[in-house]
2 protein chains.
Amino acid sequence: MLTTERHEWIMDLLRQKQTVKISELVEGTGASESTIRRDLTELEAINLLERIHGGATIRDRNIQELSVSDKSVKNEQEKLQIAAVAAGLVEEGEFIFLDAGTTTFRMIPFLAGKGTVVVTNGLTHVDTLIDHGITTYLTGGYVKGKTGALVGPQATGALSEYRFDRCFLGANGFHPEYGYTTPDPEEAAVKKLAASLSRRTYVVADHSKAGKVSFTKVLPLASAGLITDSLDAAMMEAVENETTVKVVTE
Amino acid sequence: MLTTERHEWIMDLLRQKQTVKISELVEGTGASESTIRRDLTELEAINLLERIHGGATIRDRNIQELSVSDKSVKNEQEKLQIAAVAAGLVEEGEFIFLDAGTTTFRMIPFLAGKGTVVVTNGLTHVDTLIDHGITTYLTGGYVKGKTGALVGPQATGALSEYRFDRCFLGANGFHPEYGYTTPDPEEAAVKKLAASLSRRTYVVADHSKAGKVSFTKVLPLASAGLITDSLDAAMMEAVENETTVKVVTE
DNA sequence: TCATAATCGTTCACAAACATTCAAAAACAG
DNA sequence: CTGTTTTTGAATGTTTGTGAACGATTATGA
């Protein structure tokens with residue numbers, strides 16, 4: 001099947017809102033629910049989005065998250081809230097680093113119109129950044145097939161020429177003792193370097209990453225602001241520092 | 001196939017509206033549905049549009065500005081042939097630079113399975129390269145919005161760390177006196193540098209670029225192999241050198 | 001935990017869009 | 001003017017997109 005006008009419409013809305021409900025699409029397009037479902041199935045098949053219960057969410061190819069069954073519109077909205085809070089920290093005209101990864105990806109729409117200048121190693125971020133009119137620089141480097149992340153000495157070499165106002169990183173786990181961790185050593189190297197080049201560093205990660213430990217250490221917990229949603233008391237205490245931001249999900 | 005007045009009319013509407021329905025075209029031109037279908041099939045064959053159920057849509061930004069008269073089925077096939085010949089020069093396991101641009105883009109499928117390692121400054125090339133299983137490095141740099149080319153000191157800086165077996169460049173014109181030229185000075189700088197880092201440099205360009213001169217000079221004519229299709233006698237003589245390759249179209 | 005409601009995938013019948021064929025009309029060349 | 005080629009539009013049967021119906025699955029709140 002090939003792209004129809006309706007498909008474009010869906011993708012446009014999705015790029016704007018990150019997450020859409022089926023009811024919105026039915027109302028917006030005037031098509032039936034069956035048709036919308038079919039569209040979503042098709043668009044998912046070509047990796048443009050990911051279906052979730054009640055709707056769909058935009059897919060950037062960095063999907064390492066193994067099928068956590070709790071994917072739903074509500075869950076995605078929480079992640080969006082984290083992204084919005086993170087982007088809200090950025091002030092007019094700042095120069096920031098945006099890590100490859102899904103959560104940082106979701107920050108992009110919230111950065112539009114601020115005159116932000118972005119450096120990223122996330123290939124999949126670029127299209128969306130440009131679409132939102134954001135001045136964008138790419139680190140070079142080896143293209144990691146699946147994820148579209150740029151890594152290796154070329155990436156770190158290019159990165160080291162910059163200095164950032166803020167730096168936003170993703171992580172696969174955070175833990176009181178082991179700090180922020182991520183599976184891939186090469187990506188960890190990029191993250192670590194980016195952090196060292198920034199006045200302020202933030203890690204964006206939802207509560208499901210709390211207490212998890214992944215293969216490679218990126219930073220100690222206290223050395224970056226953590227932007228996340230609800231945490232249990234023990235974890236709260238562990239991460240408490242002046243830069244930590246907690247997103248309250250009502 | 002001849003380019004009719006109706007074809008121009010269709011493309012004009014398409015450029016305006018991005019997507020058109022067949023019914024609109026029938027009404028607008030006064031031609032029958034069969035005829036419109038035929039037109040769309042023909043225009044699709046030369047890559048000016050993409051057919052979708054119920055109408056047609058413009059494929060991608062690169063091609064939008066081209067007019068009907070610039071293209072034909074024959075022309076399209078010639079370009080593919082040029083790309084095939086260019087890619088055929090690459091030997092097993094070589095390290096090459098692939099310039100941003102449509103003609104170099106067409107080389108990608110022919111490079112698959114050769115163990116080629118590619119460095120490119122063309123953002124739009126990357127997906128296709130990865131899809132064909134080709135090891136890919138990206139120069140970093142400023143992302144030029146519409147074209148997706150990476151340019152600027154970051155791009156040239158990253159590039160200068162490499163050495164290539166072969167380098168394939170696109171050009172907007174070639175001329176006995178003024179050499180290979182291209183409109184954008186920033187892109188020209190990247191091309192020039194890439195050429196200087198390669199054992200062998202080739203320019204891929206079809207005969208419609210012969211005698212044309214664009215804003216910025218990249219290289220003198222004799223300093224790179226030219227891969228093109230039929231040329232008139234005067235031009236033939238001018239470009240004659242040991243690396244020039246002419247694609248013979250039957 | 002269970003009951004209820006919302007969301008989901010599947011099937012089916014119908015309509016819209018499609019490629020293909022063929023003959024008439026128009027353009028062209030000698 | 002005559003024979004040939006090209007373009008066109010109608011008719012054909014086929015494929016594809018669509019919406020409604022139904023039972024299965026998944027969230028949610030008591």
Side-chain angles (χ1 to χ4, degrees), chain A residues 1-11 13-14 17-46 48-59 65-81 206-208 229-230 249-250, chain B residues 1-11 13-14 17-46 48-59 68-69 71-74:
Chain A
M1 214 277 302
L2 275 149
T3 316
T4 73
E5 192 172 356
R6 207 178 42 248
H7 287 192
E8 296 292 345
W9 194 91
I10 292 173
M11 288 312 298
L13 188 65
L14 208 44
K17 296 198 42 181
Q18 308 274 64
T19 299
V20 291
K21 287 188 277 192
I22 286 201
S23 57
E24 293 175 312
L25 297 175
V26 170
E27 195 170 348
T29 59
S32 78
E33 198 183 296
S34 305
T35 303
I36 298 297
R37 287 187 195 290
R38 257 187 291 261
D39 288 342
L40 296 185
T41 306
E42 285 158 4
L43 290 169
E44 185 179 39
I46 53 176
L48 285 174
L49 55 80
E50 185 167 342
R51 298 196 60 181
I52 54 183
H53 198 85
T57 184
I58 196 157
R59 168 91 131 187
E65 314 186 37
L66 295 174
S67 60
V68 191
S69 59
D70 67 347
K71 292 219 159 165
S72 66
V73 170
K74 203 169 187 180
N75 234 316
E76 281 301 323
Q77 281 170 346
E78 285 170 12
K79 284 185 191 165
L80 257 186
Q81 229 177 331
D206 65 274
H207 67 271
S208 71
D229 50 341
S230 53
T249 315
E250 83 285 1
Chain B
M1 208 269 303
L2 278 163
T3 120
T4 71
E5 187 178 354
R6 211 177 40 248
H7 287 188
E8 300 285 357
W9 194 91
I10 292 173
M11 288 311 299
L13 188 65
L14 205 45
K17 295 199 39 179
Q18 218 59 12
T19 72
V20 290
K21 286 187 278 192
I22 286 199
S23 57
E24 294 174 314
L25 297 175
V26 170
E27 195 171 348
T29 60
S32 78
E33 198 182 295
S34 305
T35 303
I36 299 296
R37 287 187 196 290
R38 259 186 290 260
D39 288 343
L40 295 186
T41 307
E42 285 159 4
L43 290 169
E44 185 180 40
I46 56 176
L48 281 173
L49 55 80
E50 188 170 323
R51 297 196 60 181
I52 57 179
H53 201 87
T57 184
I58 289 218
R59 211 166 53 84
V68 176
S69 51
K71 293 208 156 199
S72 69
V73 173
K74 198 177 167 200

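Labels below follow one simple rule: chain letters A, B, ... track the order of the sequence lines, proteins then strands, and each chain is numbered from 1.
Across the protein-nucleic acid pair, B:Leu40 atom CG and D:dT8 atom P stand 13 Å apart, rounded to whole Å. Residue A:Ile10 contributes atom CD1, which lies 14 Å from atom P of D:dG17 at whole-angstrom precision. Here the C1' atom of nucleotide D:dA27 and the NZ atom of A:Lys21 are 15 Å apart, to the nearest Å. Remark: C1' of C:dA16 and CD of A:Glu5 are 16 Å apart, rounded to the nearest angstrom. One can place CZ of A:Arg37 at 12 Å from C1' of D:dT26, the figure rounded to the nearest angstrom. C:dA16 atom C1' lies 18 Å from atom CD1 of B:Ile36, rounded to whole Å. Atom-to-atom, CD1 of A:Ile52 to P of D:dT26 comes out at 16 Å; the value is rounded to the nearest Å. Atom CD of B:Glu24 and atom C1' of C:dA17 are 15 Å apart (whole Å).
Among the nucleotides D:dA20, C:dG9, D:dG9, the one closest to any side-chain atom of B:Ser32 is D:dG9. Checking D:dT8, D:dT18, C:dG9 against every side-chain atom of B:Arg6, the shortest atom distance belongs to D:dT8. Among the nucleotides D:dG9, D:dG17, C:dC8, the one closest to any side-chain atom of A:His53 is C:dC8. Proximity note for B:Ser34 (side chain, C-beta onward) versus D:dG19, D:dA10, D:dT18: the nearest is D:dA10. Picking from D:dG19, D:dT16, D:dT8 the nucleotide with the shortest atom distance to the side chain of B:Thr35 gives D:dT8. Listed nucleotides: C:dC18, C:dT7, D:dG19. Nearest to the side chain of B:Ile22: C:dC18.
Heavy-atom neighbours of A:Glu44 CD from other residues, nucleotides or ligands within 6.0 Å: above the threshold of 12.
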For this session: Would you please test B:Leu25 and B:Leu40 for side chain to side chain contact (heavy atoms under 4.5 Å, CB included) and show each step?
Result: CA-CA 10 Å; B:Leu25 297 175; B:Leu40 295 186; 4.1 Å; yes
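When atom types are taken as modelled, the side chain of A:Asp39 and the backbone of A:His7 share no donor-acceptor pair closer than 3.5 angstrom.
Residues A:Ala56 and A:Leu49 approach most closely at CB-CD1, 4.0 Å, considering heavy atoms.
Within 3.5 Å, a donor on the side chain of B:Arg38 pairs with an acceptor on the base of D:dG9, or the reverse.
A salt bridge links A:Glu33 with A:Arg37: the distance from a Lys NZ or Arg NE/NH1/NH2 to an Asp or Glu carboxylate oxygen falls below 4.0 Å.
Both A:Glu33 and B:Glu33 sit near DNA chain C, but only A:Glu33 has its closest nucleotide nearer the 5' end.
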